[in-house]
Amino acid sequence: MGRFKRPASLTFLLVTAAALGAYLFVRSASLGLGAAAQARSPKYIFIFLSDGAGIAGMEAARMYNRVVHNEGLNIPDKIMKQGSLGLITVHPADSLTTDSAAAATAMASGCKAKVGSLGLCANGSIPKTVMEVAKDRGMRIGLVTTSTIYDASPAAFTGHVADRKFFSLIVDQYLRLAPDLLLGGGRDQFIPQNQPGSGRKDDRNMIDSFAKQGYAYVSDKKDLSRAKGNKLLGLFTLQEMSFELDRDKEPSLAEMTESAIRFLEENNRRGFMVFIENENTDAAGHMTDVASVIHAYREFDRAVGLAYDFYRKHPRETLILVSSDHDTGGLGFTLALEEPSGRHAKRMAATETDLKKIASISISLKKAAEILGPHPTSDGVDRLMKEHFKGFTLAPDLKRMILAKQLPGRSIYTDPVANTLGMMIANNTQVYWAASGHTSQPVFVAALGIGSELFRGYQDNTDFAKHLFTLLREKNSE
Ligand SMILES: [Zn+2]
């Protein structure tokens with residue numbers, strides 16, 4: 001890491017941060033809110049990220065909850081209604097469309113990065129992340145994800161590597177920084193190479209190394225709910241955690257969030273900053289799997305609801321931020337003409353029936369592709385349709401594509417079987433996908449609590465980190 005220059009930009013950031021902080025102070029004074037009445041900096045900071053699911057993912061979940069469960073959604077109903085709302089750009093330094101590493105670097109460090117690089121600015125400097133600064137300020141820090149714990153988004157909030165695929169290096173950096181809490185999948189990078197399922201290329205047992213550093217280690221839901229101590233490492237799967245639709249014994253995102261809040265709040269005078277991510281919203285978007293996006297988003301929203309309950313208990317000390325790193329798939333529901341033109345052209349419009357149909361899907365498309373295996377058979381496809389997609393029809397050309405495992409066009413698809421099943425669902429429900437990859441749409445930032453007004457309006461994704469630096473700097477001067 002020595003070959004990277006220390007950041008010249010950090011000084012600039014802190015100067016900017018100080019200026020903004022001064023503005024905020026003057027503003028709150030002019031509103032008659034003195035420092036005694038209104039804390040200037042949040043003691044508890046929640047950063048919620050639904051990977052790959054921006055406005056489209058939230059809106060699909062909101063409509064689904066209304067139609068299928070007659071329920072609202074915490075994010076629009078509580079966080080957005082009572083807090084501030086902004087939009088942020090997603091583009092990285094070297095492209096119009098981002099990956100999770102560059103986007104999370106911008107949001108965690110305040111500088112544009114190149115696609116694939118993590119915790120490094122495009123100019124070669126190594127910035128400090130908001131989590132590192134929070135730790136310097138004496139706050140407890142935690143990372144929670146449904147992905148592998150070393151995946152790009154959580155890793156960019158604490159780590160610095162030239163390539164997001166340097167997984168072992170990311171885990172080594174976690175050990176050095178020692179966050180107070182790490183919960184997610186990805187045990188494969190913590191076990192030595194001679195153990196089954198290991199992803200490491202050395203003999204280090206990182207679970208032992210973390211234990212030596214004072215970490216309690218848990219690997220299932222029950223132990224997680226009882227976990228006590230100073231530091232906690234929870235690894236629940238070898239690789240990514242299951243999609244919500246397929247989840248069985250693993251803890252849900254809301255269960256991990258509940259444990260994280262309990263754990264980080266205990267014996268804690270200086271507060272905490274916790275990053276909580278649902279990665280499955282992105283993975284499902286790549287698979288063009290609308291049911292999995294909706295179920296993952298609903299679980300994400302439940303986790304946000306727990307933070308909202310916490311905020312209600314500590315309204316003058318808490319900041320909740322809910323955002324995404326980018327959109328995946330360009331998801332929506334169509335209103336289109338069945339025939340391209342003509343007097344008798346019939347309209348096709350998505351209706352509530354389509355959402356109810358989606359509710360009957362009992363499996364993720366990732367799992368469906370796994371069930372069909374590397375050589376799908378006609379009987380296997382028929383059985384899958386009957387068991388998991390009741391009331392859906394599979395067009396003969398789509399069935400042929402599944403059996404051949406081939407989609408027309410070049411390799412723009414993530415998984416030929418899953419993406420073809422995605423088309424089948426689309427044909428049956430008027431779901432529309434623009435792509436099976438990331439799009440360049442801006443994403444929303446919903447903010448509630450102390451400092452939330454900073455996140456209002458149309459901003460750059462680097463501003464997300466800059467505002468957090470501002471608030472953390474205020475904390476130091478308290
Ligand atoms: Zn992605």
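Just follow the structure's listing: the first ligand is 1, and inside any ligand the first atom is 1. Computed from a predicted model, the values in this text were never measured in an experiment.
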Check whether NZ of the Lys or CZ of the Arg Lys231 lies under 6.0 Å from the centre of the six-membered ring of Phe210 and within 45 degrees of that ring's axis. no
Flag for Ser153-Glu277: side-chain donor and acceptor within less than 3.5 Å: yes
Near the Zn ion (ligand 1) (under 2.8 Å) - protein N, O or S atoms: Asp282 OD1, Asp282 OD2, His286 NE2, His438 NE2
Check the side chains of Gln82 and Tyr308 for a donor-acceptor pair under 3.5 angstrom, ignoring hydrogens and angles. yes
How about Glu453 and His467: does a side-chain donor come under 3.5 Å of a side-chain acceptor? no
Take a 6.0 Å sphere around CZ of Arg262 and say whether it holds more than 12 heavy atoms from other residues, nucleotides or ligands. yes
Asp460/Lys466 salt bridge by N-O under 4.0 Å criterion: no
